[in-house]
Amino acid sequence: MTSFKQVIDRSESHSIKWDFIDKVYKIEDASDILPMWVADMDFAAPQAVIDALLERIKHPIFGYSYMDEGSKTAVQNWLLERHGWQTQNEWMLFHHGVVPAIASVIESFTQKGDLILITPPVYQLFFSIPQKQGRQVVESSLIEEKGQYKIDFVSFEKQLKQGVKLFILCNPHNPGGMVWPKETLQEIIRLCAKYDTLILSDEIHGDLVFPKHKHIPLATLAGEEVDRIITCVAPSKTFNLAGIQAAVIIATDSKKREKLKENALAHGQMELSSFAAVALTAAYEDGGAWLDELLKVLSSNIDYAIEKLTKAVPGLKIEKPQATYLLWIDYRGTEYSENEIMDLLLNKGKLALEPGSKYGDTGRGFLRMNVACPRSTLEDGVSRFITALE
């Protein structure tokens with residue numbers, strides 16, 4: 001079992017989180033900056049995954065590989081046991097990450113100039129990928145009440161009426177950490193069916209849900225509208241395997257799967273690498289106990305950070321997320337602008353967080369903080385935050 005207390009030096013490992021800070025934050029020397037920004041964890045992957053990779057590497061030939069039925073069955077069993085979703089192996093396509101999968105869906109089912117709906121504040125690539133493909137992004141901003149968000153269905157329907165071709169749902173939500181309730185998901189399906197809008201449900205954080213909350217795969221509620229939904233899942237956030245680059249696209253409609261296959265061929269996309277296939281399968285087959293322990297650690301880390309930060313910094317508000325390991329910190333009650341607080345955190349506190357405006361204008365006044373790290377690292381980060389605003 002992984003030791004979640006172990007501090008692992010990630011410097012000089014080609015880590016974007018640790019080795020790329022100077023370029024992201026435009027700092028000449030970032031060697032003294034603690035990164036708590038990009039969403040990967042500072043924990044070792046499950047030992048079962050490491051062992052499986054080591055076993056595979058014993059074979060000295062690394063030629064072309066394919067995803068066999070065993071890998072698909074591992075995904076199928078995981079989704080059924082963890083989320084009550086009965087899938088079929090034939091529904092699954094594999095891609096090199098959820099982000100490129102989203103790009104493939106957009107390109108396969110929309111045309112240049114088409115409208116794509118998002119609900120900010122939301123993961124920034126939901127904005128940029130459609131825009132870079134020549135699509136028009138339309139927004140229905142979430143309603144925020146005391147750190148919790150809900151969908152404004154009046155605005156949502158108004159945007160759909162314009163002829164939106166695709167709605168991209170973040171389920172659970174990043175950066176807000178909400179687990180969408182059943183009634184919200186049902187209303188999304190109803191309205192998208194009414195206006196004949198395809199739904200892409202990004203469920204990459206679906207396994208990182210805390211007790212008293214339950215992730216609901218959108219497709220499980222869709223009934224006769226299930227072919228309208230394309231779901232993306234991955235082991236990357238769950239098991240800290242982002243660098244392995246493996247994701248699953250689940251589409252019940254065979255015609256949509258064929259279009260996605262044609263898009264993959266058009267881009268010369270091949271199957272997952274030998275290592276990605278091995279890691280994905282091992283994670284879903286043997287990673288359950290590791291995840292259960294991780295969730296306890298993350299919940300404890302979140303509680304610690306919220307207690308310390310809100311006590312020490314007047315005007316700071318933080319609601320405990322229902323999912324993810326990301327704090328969405330509301331600093332609107334302080335005296336600081338975004339530029340001011342980012343400058344203080346980086347240059348005085350030596351701490352790298354993400355500004356809320358990165359997730360759209362409605363994210364301004366918030367910061368995103370990644371607390372998926374050993375407790376000693378978290379304590380250092382919290383101390384730096386407090387020092388920055390003293």
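Heavy atoms only: backbone and side chains are in, while hydrogens, waters and symmetry mates are out.
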Main-chain N/O of A103 paired with Q133 side-chain donor or acceptor, under 3.5 Å: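 Flag set: sc Q133 to bb A103 pair under 3.5 Å.
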Could you work out, with side chain to side chain contact (heavy atoms under 4.5 Å, CB included) as the rule, every residue matching A242, not counting sequence neighbours?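 For A242, the residues satisfying side chain to side chain contact (heavy atoms under 4.5 Å, CB included) (neighbours in sequence not counted) are S236.
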Can you tell me how far the CD atom of Q76 sits from the OG atom of S71, to the nearest 0.5 Å?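 Separation between the atoms: 12.5 Å.
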Going by an N to O cut-off under 4.0 Å, is there a salt bridge joining D114 and R135?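 Salt bridge flag = no for R135 with D114.
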Does a salt bridge link K194 with E157, judged by any charged N lying under 4.0 Å from a carboxylate O?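 Looking at K194 and E157, the cut-off is met.
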Does the pair D253/R228 count as a salt bridge with the N-to-O cut at 4.0 Å?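 No.
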Using 30° and 60° as the class boundaries, would you call the ring planes of Y149 and F366 parallel, tilted or perpendicular?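 Rings of Y149 and F366: tilted, 30 to 60°.
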Partner residues of W180 under the ring pair (Phe, Tyr, Trp, His ring centres under 6.0 Å) criterion, sequence neighbours left out: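 In terms of ring pair (Phe, Tyr, Trp, His ring centres under 6.0 Å), with neighbours along the sequence ignored, W180 is linked to H173.
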For Y195, enumerate each residue passing the ring pair (Phe, Tyr, Trp, His ring centres under 6.0 Å) test, keeping only those at least two apart in sequence or located in another chain.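 Once residues adjacent in sequence are excluded, Y195 has no partner under the ring pair (Phe, Tyr, Trp, His ring centres under 6.0 Å) criterion.
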Hey, does the side chain of N171 reach the backbone of S201 with a donor-acceptor pair shorter than 3.5 angstrom?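 Side chain of N171 to backbone of S201: no pair is present.
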Can a side-chain donor-acceptor contact be found between D9 and W18 if the only test is distance below 3.5 angstrom?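 No, no side-chain donor-acceptor pair sits under 3.5 Å.
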Report whether I57 and I244 are members of the same hydrophobic cluster (ILVMFWY, side-chain heavy atoms less than 4.5 Å apart, transitive linking).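 Yes, same cluster.
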Do V233 and I216 share a hydrophobic cluster, counting only Ile, Leu, Val, Met, Phe, Trp and Tyr and linking them when any side-chain heavy atoms are less than 4.5 Å apart?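 In one cluster: no.
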Identify whether the distance between the nearest side-chain nitrogen and carboxylate oxygen of R332 and D330 falls below 4.0 Å.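 Salt bridge flag = yes for D330 with R332.
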Any chance you could pull the hydrophobic cluster mates of F127, using side-chain heavy atoms under 4.5 angstrom and chaining through other members?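 Besides F127, the hydrophobic cluster comprises L93, V98, V99, I102, V105, I106, F109, I116, I118, V122, Y123, L125, F126, I129, V137, L166, I168, L198, L200, I204, I230, I249, L260, listed by chain and residue number.
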Taking the six-membered ring for Trp, is the centroid-to-centroid distance between W290 and Y284 below 6.0 Å?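 They do not qualify: ring centres at least 6.0 Å apart.
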Counting only heavy atoms from other residues, nucleotides and ligands, does the tally under 6.0 Å from CD1 of I386 exceed 12?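 Check passes, neighbour count above 12.
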Assigning hydrophobic clusters by single linkage (Ile, Leu, Val, Met, Phe, Trp, Tyr; side-chain heavy-atom cutoff under 4.5 Å), is V38 placed with L208?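 The answer is yes; both residues are in one hydrophobic cluster.
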Using the six-membered ring wherever Trp is involved, compare the ring planes of F275 and F62 and label them parallel, tilted or perpendicular (cut-offs 30° and 60°).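 Ring orientation, 0 to 90° scale: tilted.
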With sequence neighbours excluded, tell me which residues meet ring pair (Phe, Tyr, Trp, His ring centres under 6.0 Å) with H96.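 H96 satisfies ring pair (Phe, Tyr, Trp, His ring centres under 6.0 Å) with no other residue.
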Spell out, as yes or no, whether a donor-acceptor pair under 3.5 Å connects the side chain of T281 to the backbone of A277.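 Yes, T281 side chain to A277 backbone: donor-acceptor pair under 3.5 Å.
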Side-chain H-bond candidate by donor/acceptor type, D152 with S141, under 3.5 Å: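 Judged by distance alone, the side chains do not pair up.
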Verify the distance criterion only: is there a donor paired with an acceptor across the side chains of S337 and N339 at less than 3.5 Å?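 There is no such pair between these side chains.
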Output yes when D227 and K255 qualify as a salt bridge under the 4.0 Å nitrogen-oxygen rule, no when they do not.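 No salt bridge links D227 with K255.
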Which value, rounded to the nearest 0.5 Å, describes the distance between M67 atom CE and L280 atom CG?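 Between M67 CE and L280 CG, I get 5.0 Å after rounding to 0.5 Å.
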With a 4.0 Å cut-off on N to O distance, would you call D40 and R10 a salt bridge?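 Looking at R10 together with D40, the answer is yes, because their closest N to O distance falls below 4.0 Å.
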Calculate, to the nearest 0.5 Å, the distance between atoms CG and CG belonging to L327 and L309 respectively.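 If we round to the nearest 0.5 Å, L327:CG and L309:CG are 7.5 Å apart.
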Student check: side-chain heavy atoms of D303 and K320 closer than 4.5 Å: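 Counting from C-beta outward, D303 and K320 do come under 4.5 Å.
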Rounded distance [0.5 Å steps], CE in M178 versus CG in N174: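 CG of N174 is found 9.5 Å from CE of M178.
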Salt bridge or not between D292 and R82? Use side-chain N to carboxylate O under 4.0 Å.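 Salt bridge present between D292 and R82.
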Distance check, rounded to the nearest 0.5 Å: T387 atom OG1 versus K350 atom NZ?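 Rounded to the nearest 0.5 Å, the OG1-NZ separation comes out at 12.0 Å.
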Restricting to ring pair (Phe, Tyr, Trp, His ring centres under 6.0 Å), what partner residues turn up for Y359, sequence neighbours left out?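 Checked Y359 against ring pair (Phe, Tyr, Trp, His ring centres under 6.0 Å); matches are W328.
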Close side-chain approach of L345 to F385, heavy-atom, < 4.5 Å: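 Sidechains of F385 and L345: in contact.
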Once rounded to the nearest 0.5 Å, what's the spacing between atom CE of M36 and atom CG of N370?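 Separation between the atoms: 6.5 Å.
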Identify whether the distance between the nearest side-chain nitrogen and carboxylate oxygen of K259 and E262 falls below 4.0 Å.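 Salt bridge flag = no for E262 with K259.
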Determine whether a donor-acceptor pair (N or O, by modelled atom type, separation under 3.5 Å) exists between the side chain of H267 and the backbone of Q269.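 Side chain of H267 to backbone of Q269: no pair is present.
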